[in-house]
Amino acid sequence: MESMRIGYIAETDNPEARWKFREAPYTRTINSRGDRIRSKMLLCAVDYDDVASTTAMIKERGIIIVRDPFFLDDELREKVTKWVEWANQADPKEYDPFA
């Protein structure tokens, strides 16, 4: 978390590249109303604990979570980049239980 960047796996309308990995810097604001993360990549501020929880699930459980921001480091960047490349070439039934 030293790099102060968050990552996000977004779903696109492009059937040839359904998933896109995005990353951006963020700022953390702690005040009487809470602990929030803000980034130009996100539509609104998100709770710091939610982002930390998503990051922990990706790192510790080895699952990929899409459409939720996570704290980014070199190891996680490599992991999600590989997943996006794989998912864009794979049949959606391989990674989506609802497909």
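For reference, positions follow the sequence shown, starting with 1. Side chains are part of it too, since the values below use all heavy atoms of this structure and drop only hydrogens, waters and symmetry mates.
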Rounded to the nearest 0.5 Å, how far apart are [atom1] of [X] and [atom2] of [Y]?
X     : Y     : atom1 : atom2 : answer
Arg67 : Thr54 : CZ    : OG1   : 13.0 Å
Asp68 : Leu42 : CG    : CG    : 10.0 Å
Thr81 : Trp86 : OG1   : CH2   : 15.0 Å
Ser53 : Asp47 : OG    : CG    : 10.0 Å

Locate the shortest heavy-atom distance separating [X] from [Y]; write the atom from each residue and the value.
X     : Y     : value
Ala45 : Arg36 : O-NH2, 2.9 Å
Glu11 : Arg18 : OE2-NH2, 2.6 Å
Lys79 : Gly62 : NZ-CA, 3.3 Å

Quiz item: With distance as the sole test, does Asn88 use its side chain to make a donor-acceptor pair with the main-chain N or O of Val84 at under 3.5 Å?
Solution: yes
Quiz item: Is there a donor-acceptor pair closer than 3.5 Å between any side-chain N or O of Asp74 and the backbone N or O of Arg77?
Solution: no
Side chain proximity check, [X] to [Y], heavy atoms < 4.5 angstrom:
X     : Y     : answer
Met41 : Ile6  : yes
Val46 : Pro69 : yes
Pro25 : Arg5  : yes
Ile9  : Val80 : yes
Thr12 : Trp19 : no

Exercise. Identify whether the distance between the nearest side-chain nitrogen and carboxylate oxygen of Glu78 and Lys82 falls below 4.0 Å.
Key: yes
Quiz item: So, are Asp73 and Lys59 salt-bridged, with charged N and O less than 4.0 Å apart?
Solution: yes
Quiz item: How about Phe21 and Tyr8: are their ring centroids closer than 6.0 Å?
Solution: no
Quiz prompt | Distance flag, aromatic centroids of Tyr48 and Phe71, threshold under 6.0 Å | solution =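 Yes - the distance between ring centres of Phe71 and Tyr48 falls below the 6.0 Å cut-off.
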Exercise. State whether the number of non-hydrogen atoms from other residues, nucleotides or ligands found under 6.0 Å of Glu16 atom CD is greater than 12.
Key: no
Quiz prompt | Leu43 CG: over 12 foreign heavy atoms closer than 6.0 Å | solution =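 Not more than 12 within 6.0 Å, no.
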Quiz item: Which class fits the ring pair Trp83 and Tyr95: parallel under 30°, tilted 30 to 60°, perpendicular over 60°?
Solution: perpendicular
Exercise. Applying salt bridge (Lys or Arg N to Asp or Glu O under 4.0 Å), name anything that partners Asp35, two or more places apart in sequence or on another chain.
Key: Arg28
Quiz item: Between Arg38 and Thr29, is a side chain to side chain contact (heavy atoms under 4.5 Å, CB included) present by the stated rule, with each step listed?
Solution: CA-CA 8 Å; Arg38 287 180 171 69; Thr29 305; 3.7 Å; yes
Self-check item: Candidate pair Phe70 and Leu76, rule side chain to side chain contact (heavy atoms under 4.5 Å, CB included), full reasoning
Solution: CA-CA 9 Å; Phe70 49 88; Leu76 215 47; 3.8 Å; yes
Quiz item: Should Leu72 and Ile63 be counted in the same cluster of Ile, Leu, Val, Met, Phe, Trp and Tyr side chains packed under 4.5 Å apart?
Solution: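 Shared cluster, yes.
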